[in-house]
Amino acid sequence: MPLLSAAIALIGVLSGYVLNTWTERSQAELKTFEVTFPEKQKSYAKLMRLLSDSFYSAAWRQKEDYYKFADDLEASYFGLEPFLSDANRKATWEEIQSFIEFCNQIRSEDPTTDMDVER
């Protein structure tokens, strides 16, 4: 009987330890999410806004605005970069560079052609 009581007590202590460890880990993950989410959201929103601004300034051939937006677009990537996996970092950077090249092509096209861009 004392052996059974000791085994039950040991199981209780071990299950309490496991539950406590799991709870602490969950709380740490939640806190990390609470701290990083607003920054991720701001960085993502800024990147999306600059994608749009870059495109429209290229389409409307607003040279000075385009250069500023394209530079800001590249810079905004670095605000988002720490939150991306290695594979996503590379892919995102390459997509941004492709997008900027696309905008450069738009800027170099004949402005009298219809581009279906609404102002």
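Small disclaimer: the values here were computed from a predicted structure and weren't measured. Atoms considered below: every heavy atom in the structure, side chains included; atoms not considered: hydrogens, waters and symmetry mates.
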Visitor: Is it true that Leu84 and Phe78 fall in one hydrophobic cluster, defined by side-chain heavy atoms closer than 4.5 Å?
Guide: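 Yes, one cluster joins them.
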Visitor: Linking Ile, Leu, Val, Met, Phe, Trp and Tyr through side-chain heavy atoms less than 4.5 Å apart, which residues share a cluster with Leu14?
Guide: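 Answer for Leu14: Leu10.
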Visitor: If you look at every heavy atom in Ser54 and Ala70, which pair is closest and at what distance?
Guide: OG-N, 3.7 Å
Visitor: List in chain and number order the residues that pass ring pair (Phe, Tyr, Trp, His ring centres under 6.0 Å) with Phe37, two or more places apart in sequence or in another chain; answer none if no residue qualifies.
Guide: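 Expected list: Phe33.
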Visitor: Check the pair Phe99, Leu73 against side-chain contact (heavy atoms from CB on, under 4.5 Å), reporting the backbone distance first and the verdict last.
Guide: CA-CA 10 Å; Phe99 178 78; Leu73 176 61; 3.8 Å; yes
Visitor: Which residues pass the salt bridge (Lys or Arg N to Asp or Glu O under 4.0 Å) test with Lys90, not counting sequence neighbours?
Guide: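 Counting only residues at least two positions away or on another chain, Lys90 forms a salt bridge (Lys or Arg N to Asp or Glu O under 4.0 Å) with Glu94.
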Visitor: Distance-only criterion, 3.5 Å: show the donor-acceptor pairs between side-chain atoms of residues 40-50 and protein atoms not counting sequence neighbours.
Guide:
residue	atom	partner	partner atom	Å
Ser43	OG	Glu39	O	3.0
Ser43	OG	Gly79	O	3.2
Arg49	NH1	Asp53	OD2	3.4

Visitor: What side chain to side chain donor-acceptor pair (under 3.5 Å) pairs are there with at least one residue in residues 72-86, not counting sequence neighbours?
Guide: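 Checked against side chain to side chain donor-acceptor pair (under 3.5 Å) - neighbours excluded - the pairs reaching residues 72-86 are Lys68-Asp72, Glu74-Gln97, Ser85-Asn88, Asp86-Arg89.
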Visitor: First locate atom OG1 of Thr92, then atom CG of Leu80, and finally report the distance between them rounded to the nearest 0.5 Å.
Guide: 7.0 Å
Visitor: Can you run down the side chain to side chain donor-acceptor pair (under 3.5 Å) pairs that involve residues 16-36, sequence neighbours left out, and say none if there aren't any?
Guide: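 Output for this query lists Asn20-Glu24.
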Visitor: How long is the span from the CZ atom in Phe55 to the CD1 atom in Ile106, to the nearest 0.5 Å?
Guide: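 One finds 4.5 Å between CZ of Phe55 and CD1 of Ile106.
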Visitor: Can you name the nearest heavy-atom pair linking Arg61 to Arg107, along with the distance?
Guide: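 Closest pair (atom of Arg61, atom of Arg107, distance): NE-O, 3.7 Å.
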Visitor: Does Phe102 have more than 12 heavy atoms from other residues, nucleotides or ligands lying within 6.0 Å of its CZ?
Guide: no
Visitor: Which residues pass the side chain to side chain donor-acceptor pair (under 3.5 Å) test with Asn104, sequence neighbours left out?
Guide: Tyr66
Visitor: What heavy-atom pair brings Phe69 and Ser57 nearest, and what distance separates the two atoms?
Guide: CD1-OG, 3.5 Å
